[in-house]
Amino acid sequence: FIPQSGNNNTYLLMLMAAYGALPYDHRTDPPTINLTDPATLEAMRQVLDLSKNGLMSYNRLSNSGGGSFGGSATIFDEMLSVMSWRLSNRVSVEGGITNDYQLTTFPIGTQHTPISYQVGAGYIDSDTLHPEACYRWLSFIARRPEIVTGMPARRSMIDAPEMAALGADLVALYQSLDALLQAPDAIVFNPFGSFSYIGAWIEQIWLNRAFDRYVLDNGDLDAEMQQAEDNILLFRQCIVDIPAYDPGLSQEENTANFRRLARCATGIDESLSSNFTWLDEG
C-alpha cells in the first residue's frame, strides 16, 4: 500500500478510526484529543505497525513537503478530485506498463465509518451581467461527468448513462460512498484538517512527529503520544484568548494575533521556530 498524500495524515487517522480509535477528532472545536488512552494507543500501534512491518509505505509527516507519486504497489490511496490523474488513468498502458487498478473504499470498523472528501463548486460573480447564462453553464457542466471528474452532487447522476460510460467500477464506488455518507456512525475527515480552529495545524505537527518517531526512529509510542498531548494542552492554554483569522480585522491586527500564536508554539517547542521564519517580528 502506497499513500499518495504527502505530509497529510488523513489516511492514518481513517485507518485508526476503522480500528476504533479517534486520536484527533475534528468534529469538535477545538478538536478532541485522545492520545494516551490504552485502547487508542493499541489501535494506533496496529495501524502504524503496518508501516513498520513493510506492508504500507510511509512518508515522514513532519516535513513541510514530500509525498509519493507513481511507483508500483498493489494498493494506492487516491483523492477523488478534478486533479486526480490516477482516477482518469486507472486502466491504461504507458511505456509498456499496464495500469489496471480498480476502485474501492477505505476499510470501515464496527464503531466508526471513516470518510474523507473535498467539495468542489462553481461560483457566479455577483457583479456579472449574465447570471442566468452562468448558471446554465454550471448546470451543463454538472451533468457532464466526462468533463469534470469527481463524485457528482446529484444522486440522480450516479446512475445516469453519462456516468456508466466512465466505468462500472466508478459507478459502484460512488454508490458505496453515497451509502457510507448516510451511515449513522460516519465520521468525515477533512483532508486539510480543521478550518475553524486556529491551532489545528500546529497541533498536527506534534501528532505527526510522534507518528514519525515511532515508525521511522523506533520511538516509544506511549511516551511520544504523552509528549504530544502535553504540548497540545499547554498550547491550548496559551492561545485561549487569541481569535481566529477574521477578514473583518485589518491585516496588522490579524498579523499581531498570528505572532501571539507563534510565540505560544515556540515557547513550548523551540524547534517550531522554523515554521515561522517568514513572520517578521519587527
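- Contact check for Asp269 versus Ile205: no side-chain heavy atoms found under the 4.5 Å cut-off.
- Residues forming a side-chain contact (heavy atoms from CB on, under 4.5 Å) with Asp49 (at least two apart in sequence, or on another chain): Arg45, Lys52, Asn53, Tyr214.
- Met157 and Met151 sit in two unconnected hydrophobic clusters of ILVMFWY residues. Membership requires side-chain heavy atoms under 4.5 Å apart, directly or through other members.
- The minimum heavy-atom distance linking Trp206 with Ala265 is given by the pair CZ2-O, 4.2 Å.
- Side-chain contact between Glu203 and Arg236: present, with at least one pair of heavy atoms (C-beta onward) separated by less than 4.5 Å.
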Please test Ile115 against Phe106 for side chain to side chain contact (heavy atoms under 4.5 Å, CB included), starting from the C-alpha separation and ending with a verdict. CA-CA 8 Å; Ile115 308 170; Phe106 251 65; over 6 Å; no
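- For the pair Tyr174/Met163, a side-chain contact is recorded, criterion being any heavy-atom separation below 4.5 Å from C-beta on.
- Just one residue in the list Thr40, Ile187, Asp37 forms a side chain to side chain contact (heavy atoms under 4.5 Å, CB included) with Leu22, and that residue is Ile187.
- Around CD of Gln251, the count of heavy atoms belonging to other residues, nucleotides or ligands within 6.0 Å does not exceed 12.
- As a member of the Ile/Leu/Val/Met/Phe/Trp/Tyr network built from side-chain separations under 4.5 Å, Ile124 groups with Tyr135, Leu138.
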Could you go through the side-chain hydrogen bond (donor to acceptor under 3.5 Å, both in side chains) check for Glu253 and Asn257 one step at a time? CA-CA 6 Å; Glu253 290 172 312; Asn257 288 332; over 6 Å; no
Which is it for Asp159 and Gln175 under the side chain to side chain contact (heavy atoms under 4.5 Å, CB included) test, yes or no, and what are the steps along the way? CA-CA 9 Å; Asp159 297 317; Gln175 291 171 335; 2.9 Å; yes
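- Met225 contributes atom CE, which lies 10.0 Å from atom CD of Glu229 (distance to the nearest 0.5 angstrom).
- Phe211 contributes atom CZ, which lies 5.5 Å from atom CG of Leu48 (distance to the nearest 0.5 angstrom).
- Residues Leu180 and Val119 fall within the same hydrophobic cluster, defined by Ile, Leu, Val, Met, Phe, Trp and Tyr side chains chained together at heavy-atom separations under 4.5 Å.
- By the 4.5 Å heavy-atom criterion applied to side chains, Thr28 and Tyr197 are not counted as neighbours.
- Between the side chains of Thr255 and Arg259, no donor-acceptor pair is found at a separation under 3.5 Å.
- Between Phe276 and Trp201, the ring center distance clears the sub-6.0 Å criterion.
- Nearest heavy atoms, His26 versus Pro31: ND1-CG, 3.9 Å.
- A continuous path of Ile, Leu, Val, Met, Phe, Trp and Tyr side chains, each step under 4.5 Å between heavy atoms, connects Met16 with Leu55, placing both in one hydrophobic cluster.
- Following chains of ILVMFWY side-chain contacts shorter than 4.5 Å, one can reach Leu233 starting from Tyr24, so the two form part of one hydrophobic cluster.
- Residues Asn34 and Asp25 have side chains not in contact (no heavy-atom distance under 4.5 Å, counting atoms from C-beta outward).
- Leu35 and Ala228 get closest at one heavy-atom pair: CD1-CB, 4.0 Å.
- In terms of heavy-atom proximity, Asn59 sits nearest to Asp212 at O-OD1, 4.3 Å.
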What do the steps show when you test Phe258 against Ile198 for side chain to side chain contact (heavy atoms under 4.5 Å, CB included), and what is the final call? CA-CA 9 Å; Phe258 196 81; Ile198 190 174; 5.8 Å; no
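- In this structure, the side chain of Asp217 does not engage the main chain of Gly219 through any donor-acceptor pair within 3.5 Å.
- To the nearest 0.5 Å, the span separating CD1 on Ile239 from CD1 on Ile202 amounts to 9.0 Å.
- Remark: side-chain polar atoms of Thr266 are not paired, donor with acceptor, to backbone N or O of Leu272 under 3.5 angstrom.
- Atom CD of Gln227 sits about 12.0 Å away from atom CG of Asp220, to the nearest 0.5 Å.
- Of all non-hydrogen atoms in Ala17 and Pro114, the two that sit nearest each other are CB-CB, 4.1 Å.
- Taking each heavy atom of Thr10 and Phe189 in turn, the nearest pair found is CG2-CB, 3.9 Å.
- A distance-only check finds no donor-acceptor pair linking the side chain of Thr113 to the backbone of Ile108 [under 3.5 Å].
- Side-chain contact check for Gln204 versus Leu61: every heavy-atom pair is 4.5 Å or farther apart.
- Here CG of Asp178 is found 11.0 Å from CG of Leu173. Values are rounded to the nearest 0.5 Å.
- Between Leu166 and Glu146 the shortest side-chain heavy-atom distance falls below 4.5 Å.
- Applying the disulfide bond (SG atoms under 2.5 Å apart) test to residues at least two apart or on different chains, the pairs with a partner in residues 214-246 are Cys238-Cys264.
- A donor-acceptor pair shorter than 3.5 Å can be found between the side chains of Gln226 and Asp230.
- Inter-residue side-chain proximity for Leu181 and Tyr117 is flagged as met; some heavy-atom pair is nearer than 4.5 Å.
- Between the side chain of Arg260 and the main chain of Ala256, no donor-acceptor pair closer than 3.5 Å is present.
- The closest donor-acceptor contact from the side chain of Asn254 to the backbone of Tyr245 lies at 3.5 Å or more, if one exists at all.
- Remark: Met44 CE to Glu224 CD distance equals 11.5 Å, nearest 0.5 Å.
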